[in-house]
Amino acid sequence: MKKIADTGNEQNSFTFCVGPVHPALKEPLQFTFKIEGERVKKVDFMLSHVHRGIEWMGTRRNPIQIIYLAERICGICNISHPFAFCRAVESVAGIEVPPRAEYIRTINAELERIHSHLLWAGIAAHELGFDSVLHYILKARERVLDIIEYITGNRITKGIMMIGGVRRDISKKQYRKIIEAMEYYKKQVKKISDILLKDHVVKARTINTGILSKADAIKLCAVGPTARASGVKRDVRQDEPYAAYKYLDVEAITPATIGKETRGDVYDRTLVRLAEIRQSVNIIVECLKSMPEGKIAYEDKIPKLLAELKSVEGEGIGRHEAPRGEVLHYIKLIGNETLFSWKVRAPTYANLLSWVPMLLGAQIADIPIIAASTDPCLSCTNRAVITKHGKHVVIDHEALHELSVKKTLALRKVKHD
Amino acid sequence: MLKDILDSFKRELGEKIIEARIEEKVKGEKRLWLVVRKDSFKRVVKHLFLAYPNTRFAVASGYDADTHITLIYHFFVSLEGKAGDASVNIKVDVPKNNPVLPTITDIVPGALISERELQEMLGVKIKDIPDPRRIFLSNDFPKGIYPWRRDEYGPERIVRDLHRGDKE
Amino acid sequence: MIVIAKELVKQLLKKPFTNLFPAKYAPKSIKQFLRDAKEGKVKLNPPVVVPPNFRGKIEYDEKKCIRCKLCTRVCPAKALEYVEKENIIKYHLFRCAFCGQCVDVCPTGALKLTKEFLLAGYKKD
C-alpha cells in the first residue's frame, strides 16, 4: 500500500462500485466510491432498485386492507409499520384504544425489537469474519421467534394489529412461557455482550471506525441507534409517550447513560443495541406484571368499523419507535372508502445521508461493516466492478467479504506478536 | 409548548400565515398545522430554525388537489431532556402551471432526500437544489409520468393488474 | 477469545439444534420407504410441532355461506372472488396471504383456518 502515494494526483484515483446487490447490505443499493490508495475520497449512492409503488397501491384499498399491506413493507420491522398506521388512523377518527390492547401492542413491539437487534448483531459479526458467532446468535434468536409464533400464529408476518386494538389476546396460560424465555434472554445477552464487546480484535476493528459526530447527526436528521450512539438523546418512546410507554418510564439509551465514553463509531452502535435488548426484556416483564383486564379492541364488529371509517375526514400522523429508528405515517381521509393520500417514512430514509461522513477516509475493507452498522433495511447480492483507466475488472461477490475477513486475521496476528 | 410556538409565529409573521390550528383528537397527541403562502415559505422555515435551534426535519409529503399541488413539511421541535417533542406541520400550495418552490437544504441539509423525492413523484421543481437526480425511481422509468398525481400525468396507463390473471 | 472458545466447546457436546428430516438419508424409493414405515420396520422422525391457533390454509364451507360478500371486501390480496354465474366464492390459494381477516369477518363461520402449510405447487391456477 505504501507504493501508491497519496499525492492527490487524479491519475492515482479510481472509481469503485459496490452493489446493487452485495452481502453487506440486505437490499439493493449501489455505492460508487472514488478511491485513492486504500482510502475513500468521495461517496455516492443510488437507490431505486426496489420501488414497489406501495403508496399508490394504498389509494385503492380501504384502511383494513392497508394494515396487511403495511405489514409487508419490511420483513424485520414487521409490527412497526402497522402500529404507526393504526395510530395515524386513530388520530384522524378520534378512536381511543382500551388499556389492555395498549399493553399487548407494547409487548409485541418489544419482542420484535429483541429479534431484530439479535439478527443485526449476528450479521455484524459475520461482516467481521466471526461466522461462529453468527450461528450462535441465530440459535439464540430462535427462542423469541417461537414465542412470537405462540402468541400471534406466525413467526414473521404477525397480523395482530387492528384499528382500535389488537386481534388476539394473551391468556394467563401463556404468561409462564414468556417469562421463562425472558429469563433465558437475560443470561444470553450477558454472554453475547461479553463475546462481542470484550474481544480485542473486535475492538481493534470497530473503535474509531465510521465516526458520525454529534453535530453531523443533528444536521442530517439521523434517527434511531445511529443518532443515539453519537450522543443525541432522541427516542419516540421518551419524547411522545404512547401505548403502554405512558405508564412506564423509558429513557433513551446513549453511551453516556451506561457510563461509557461517546465516540459515535461502530463500537458505540453495537453497545447501544445490546443495551436496548436488555431494556426490552425489562419492559416486557414489567408489562406482564401490570396488564389490566378488559376489552382488546375498540370495536369488535368489523363491518361497523368500516362504516365508521367511511365517514371520517381529516389528516393524521402516527409515529412509532421501530428497531431502526422513528417510523412516521401521514394519511389523509376524505370521507371515501379508500384513502386519499398516504406517506410512509421508514427510518432508513433519514439515515441515508449519514453514510457520507461515515465512509469518507475509510479503508475499502471497512466498507461492509460501516454500511451495515446503521442497520439499513434493504437486501442484496452481486459483483463489484472496478474500473481502472478505462479497463473493467469484474470481481466475484466473495471478494469484498474476503477482504474484510483478511483484515481481521491480519489484526489478530499483529496482536499476538 | 405548541401554544408558545404558535404565538411566536403570529408575532413575527402575522400576515404571512393564512391559517393555523392546533388539533388534539386523541389525548396526549397535539399537532400544529400551519398554512402559508408560497412566497413566504422560506421565511417561515428560517424563523422556525432561528427561534428553536433543536428543530428536526422529518419528511415532506404531498398530494394532488385538482388545480394545485399541496405540499406538507413535517418538523419536530424538541427541548433537551424530558420535555418532549412538539409536532409542527407547514402546508404550502403550488399551482400546477408553475410548480416551483425554493429549497431548504441551506437551512437543514437533511432535507435533500425528501426534496429529490418530491421532484420525481409530483413534478414539483425545487429551485437551487444541490443534486437534482432521481432517487426512488429508476432511470428507465418514463419521463413525464408522476406517480402521485391523479390527472393525465398519473401512472394509470402503465399499471398492470396482476390479480386479473396472467393472460399476457 | 476465551469466552467464545468456551461456548463453542459446549456446543460440540450438545445435540444438533436444527429440526430433523423424516429420515437421515434420502431413501432409494419413497413408496417402499413409506410402506416400511407403516409396517413398523423403519422409524420416522416426527414432524415439526405447530402451535395452536396457527394460521394456515383457509377452508370454505359452502352450505353455511350466505353470500354477503364481506370477505371479498376485506381481503387485502383479493384472493376471494365472488363468481356471479355459479353463485359461489372462489378461493385463490396462490394469492392468499394467510392473514385470517376473512375468518374474523364472516358472520356465519363458513371460513376456517386449518394447520396446513406445505402448499407448494407447479401451476398458478
Region of B/Lys91 that comes under 4.5 Å of a non-hydrogen atom in chain A | side chain

Select all residues of residues 98-112 of chain B having any heavy atom within less than 4.5 Å of some heavy atom of chain A, and report them by number, or 'none'.
-> B/Val108, B/Pro109, B/Gly110, B/Leu112

So, the part of B/Asp64 with a heavy atom under 4.5 Å from chain A: the answer is backbone

Which members of residues 33-41 of chain B, sorted by number, sit under 4.5 angstrom from chain A on a heavy-atom basis?
-> B/Trp33

Identify, with sequence neighbours excluded, every residue that meets side chain to side chain donor-acceptor pair (under 3.5 Å) alongside A/Tyr330.
-> A/Glu315

Heavy-atom distances under 4.5 Å only: say whether B/Ala60 touches chain A with side chain, backbone, both or neither.
-> backbone

Kindly indicate whether the side chain of A/Trp56, heavy atoms from C-beta on, has any atom under 4.5 Å from the side chain of B/Met121.
-> no

Distance, nearest 0.5 Å, that separates CD of A/Glu240 from OG of B/Ser87 = 7.5 Å

Heavy-atom count around B/Asp66 CG within 6.0 Å, excluding the residue itself: above 12?
-> no

Would you give the length of the straight line joining atom CG of A/Leu352 to atom CD1 of B/Ile135, rounded to the nearest 0.5 angstrom?
-> 6.5 Å

Between A/Thr59 and chain B, which part of the residue has a heavy atom less than 4.5 Å away: side chain, backbone, both or neither?
-> side chain

Quick one: do B/Asp85 and A/Arg319 make a salt bridge, cutoff under 4.0 Å?
-> yes

Identify which part of A/Ile95 has an atom lying under 4.5 Å from any heavy atom of chain B, answering side chain, backbone, both or neither.
-> backbone

Heavy atoms of other groups near B/Lys30 NZ, more than 12 under 6.0 Å = no

Working to the nearest 0.5 Å, report the span between NE2 of B/His74 and CG of A/Leu328.
-> 6.5 Å

Best-contacting candidate, B/Trp148, B/Tyr63, B/Phe57, against chain A by heavy atom pairs under 4.5 angstrom | B/Tyr63

Could you tell me which non-hydrogen atom of B/Arg150 sits nearest to which non-hydrogen atom of A/Leu339, and how far apart they are?
-> NH2-O, 4.3 Å

Can you tell me how far the OH atom of A/Tyr349 sits from the OG atom of B/Ser114, to the nearest 0.5 Å?
-> 3.0 Å

Under a 4.5 Å heavy-atom cut-off, does chain A meet the side chain of B/Arg133, its backbone, both or neither?
-> side chain

Just by modelled atom types, is the A/Ile218 backbone N or O under 3.5 Å from a matching donor or acceptor in the B/Arg56 side chain?
-> no

Those residues at least two apart in sequence (or on a different chain) that pass salt bridge (Lys or Arg N to Asp or Glu O under 4.0 Å) with B/Glu23 are B/Arg21

Quick one: what part of A/Val97 sits under 4.5 Å from any heavy atom of chain B, side chain, backbone, both or neither?
-> neither

Salt bridge check: are A/Arg345 and B/Glu117 linked by an N-O gap of less than 4.0 Å?
-> no

Separation between NZ of A/Lys233 and OG of B/Ser78, rounded to the nearest 0.5 Å = 12.5 Å

So which part of A/Lys332 gets closer than 4.5 Å to some heavy atom of chain B, the side chain, the backbone, both or neither?
-> side chain

Face-on cation placement of A/Arg234 at B/Phe76 ring, 6.0 Å and 45° thresholds | no

In this structure, are over 12 heavy atoms from other groups packed under 6.0 Å from A/Glu96 atom CD?
-> no

Residue A/Tyr242 versus chain B: region with a heavy atom under 4.5 Å = neither

